[in-house]
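As the structure lists them, so they are numbered: ligands from 1, and atoms in each ligand from 1. These values consider heavy atoms only, across backbone and side chains, with no hydrogens, waters or symmetry-generated copies.
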Amino acid sequence: MKRFHVTTFGCQMNEHDSERMKGMLTSLGYSESEQRDEADLILFNTCSIRENADNKFISHLGEAKRLKAENPERIVGVGGCWAQSVKDEVFRRFPFVDVAFGPGQIHRLAEFLNSDQLSAQGYFEFEDFAGHLPDHRARQFQGWLQISQGCNCVCSYCIVPSTRGREQSRDPGELLLEAERLAADGVREITLLGQNVNSYGRDLPKETRIRFSDLLGMVDAVDGIDRVRYTSPHPKDMREEVIEAHATLPSLCEHIHLPLQSGSSPILKKMRRTYTRERYMDRVEMIREKVPDCAITTDIIVGFPGETETDFAQTLEVVEDVGYDSAFTFVYSPRRGTLAADMDDQIAHPVKVERMERLIEAVQRRAKERAQRFVGRSMEVLVEGPSRNDPTRIRGRTRHNKAVNFEGTAEAGQMVEVEISAATSQTLTGTERLLSGIGA
Ligand code: SAH
Ligand code: SF4
Ligand code: F3S
């Protein structure tokens, strides 16, 4: 039996694409190999969001080259956003690559493997949704549901619109069937995926068009699904009904990831985010009013071209005001083919690094302060398995998406109540309540 090995870089979208690649390969009779050097088919699912994402993967490619030289029968495949973004040069720069494909062309891998193709092949067109592939989930009880692909936004720093194409929403009926299938297969937590989930539906034909909040209601109603999450919404499309849904739908978790990018309206304008600081803060206020305990997390970029000390101070102010439960912070990285990469007021690296340090300090301090509200409470935790640092303890997640390390006896996939005794900026600590097990 032939064996495959997949290395995944990048976001949840790529993780899900890799699960589908694995499902597809399994159905073709391949089995998964733990070790890359024992695989007949070596695959990389790549990301190109920042320069260090590119570099990380290119160092892995070196090993693939060596393994290919050792055994020329091996097949080396490169999929994902990096492959898409260098499609014209991939085979020239990396002649040992046998097959390359963009995020929308996963299914073509099967076509390639089934053919008697001897020369290298590339598949990069954008076409319909590449789903409809069996998936091979990392955890039985957690599943992704890709509700749309591509992105119609034009954020001036971002490579994604060019790697994933125009936005296309999937048919709601099809999504409902898939959610039901996941539930029947043991999934208790579903995460709806899209680059801009809350613009879902706008491109659907009138007869089937529904709004994102309606879709949330549909998935919430599926039997067996205890938790619904989604990522990422865009602040410009964050409507009141979606925020309200967090208060009314029992399975929709108390967590909203609301990417800020910058707290300065002039920088947001240059980023082409199409909202201002005021509009963003207005959304935050609405969340606080309707779902007071909701966790709010975000993405922030420092050192975007032209960012002054005053602009950066505004980002810090928003961080102080909102008090994020956590934030992904990124140093701006110029990406090929994007508008911002050609702006002539690029920020010097040491300035970016210094701002990043101040940003992280503020984010972590506020996150730690916010997390204290959980201490002394009993929280519902979906168990993920043994704790990473201490295998005698158990790890799981609250509905607020906080990681919890606790003492207890629960198994992966169970839902338990945990008494929280301490909180840092990143994790909660606690003890499992005996005789708990809500529905588990
Ligand atoms: N579609 C999602 C995710 C985009 S990528 C969204 O809009 O929220 C995830 C994050 O990477 C972005 O939110 C942004 O903060 C960051 N990012 C994207 N391009 C970047 C770049 N060129 N440099 C630094 N960070 C970037
Ligand atoms: Fe990129 Fe903006 Fe689209 Fe997100 S919304 S994927 S940041 S272009
Ligand atoms: Fe995701 Fe990276 Fe592509 S973040 S959408 S895999 S560029």
Give one line per pair: atom of ligand 1, protein atom, distance. Only N/O to N/O under 3.5 Å.
| residue | atom | partner | partner atom | Å |
| --- | --- | --- | --- | --- |
| ligand 1 | 1 (N) | Q195 | O | 2.9 |
| ligand 1 | 1 (N) | Q195 | OE1 | 2.8 |
| ligand 1 | 11 (O) | R50 | NH1 | 3.0 |
| ligand 1 | 13 (O) | Q261 | NE2 | 2.8 |
| ligand 1 | 13 (O) | D299 | OD2 | 2.7 |
| ligand 1 | 15 (O) | Q261 | OE1 | 2.7 |
| ligand 1 | 22 (N) | Y157 | O | 3.0 |
| ligand 1 | 22 (N) | S333 | O | 2.8 |
| ligand 1 | 23 (N) | S333 | N | 3.0 |

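By the neighbour-count criterion of 12 heavy atoms within 6.0 Å, atom NZ of K65 is sparsely surrounded, having that number or fewer from other residues, nucleotides or ligands. Atom CZ of R209 has more than 12 heavy atoms from other residues, nucleotides or ligands within 6.0 Å. When the shell of 6.0 Å around CD of Q426 is examined, it contains 12 or fewer heavy atoms from other residues, nucleotides or ligands. Within 6.0 Å of atom NZ in K236, more than 12 heavy atoms from other residues, nucleotides or ligands are found, so the atom counts as buried in its surroundings. Remark: R365 CZ is packed, more than 12 non-hydrogen atoms of other residues, nucleotides or ligands lying under 6.0 Å away.
Distance alone, capped at 3.5 Å, is enough to place a donor-acceptor pair between the T298 side chain and the L260 backbone. With N196 contributing its side chain and C151 its backbone, the two residues share no donor-acceptor pair below 3.5 Å.
In this structure, R36 does not pair ionically with E70, as no charged nitrogen and carboxylate oxygen lie closer than 4.0 Å. Looking at E189 and R397, no side-chain N of the basic residue comes within less than 4.0 Å of a carboxylate O on the acidic one, giving no salt bridge. Taking the charged nitrogens against the carboxylate oxygens, E167 and R202 have no contact shorter than 4.0 Å, which rules out a salt bridge.
Those atoms of ligand 3 that come under 4.0 Å of a heavy atom in Q195, given as number and element, are 5 (S).
Of the inter-residue distances, the one linking M13 atom CE with N45 atom CG reads 12.0 Å to the nearest 0.5 angstrom. Note: F101 CZ to L109 CG = 4.5 Å, rounded to the nearest 0.5 Å.
Residue pairs meeting the side-chain hydrogen bond (donor to acceptor under 3.5 Å, both in side chains) criterion with at least one member in residues 325-334, sequence neighbours excluded: D325-R373.
At a cut-off of 2.8 Å, measuring from atom 3 (Fe) of ligand 3, the protein N, O or S atoms that fall short of it are C81 SG, waters left aside. Distances from atom 3 (Fe) of ligand 2 under 2.8 Å pick out these protein N/O/S atoms: C151 SG.
Note on ligand 3: Q12 sits outside its first shell, no heavy atom being nearer than 4.0 Å. Residue contacts with ligand 2 do not include R164, since none of its heavy atoms lies under 4.0 Å from the ligand.
If you check which protein heavy atom lies closest to atom 7 (S) of ligand 2, you get Y157 OH, 3.4 Å.
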Decide yes or no on salt bridge (Lys or Arg N to Asp or Glu O under 4.0 Å) for D54 and R335, but give the supporting numbers first.
CA-CA 10 Å; D54 284 7; R335 303 286 59 210; 3.5 Å; yes
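For the pair R50 and F330, the cation-pi criterion (under 6.0 Å, within 45° of the ring axis) is fulfilled.
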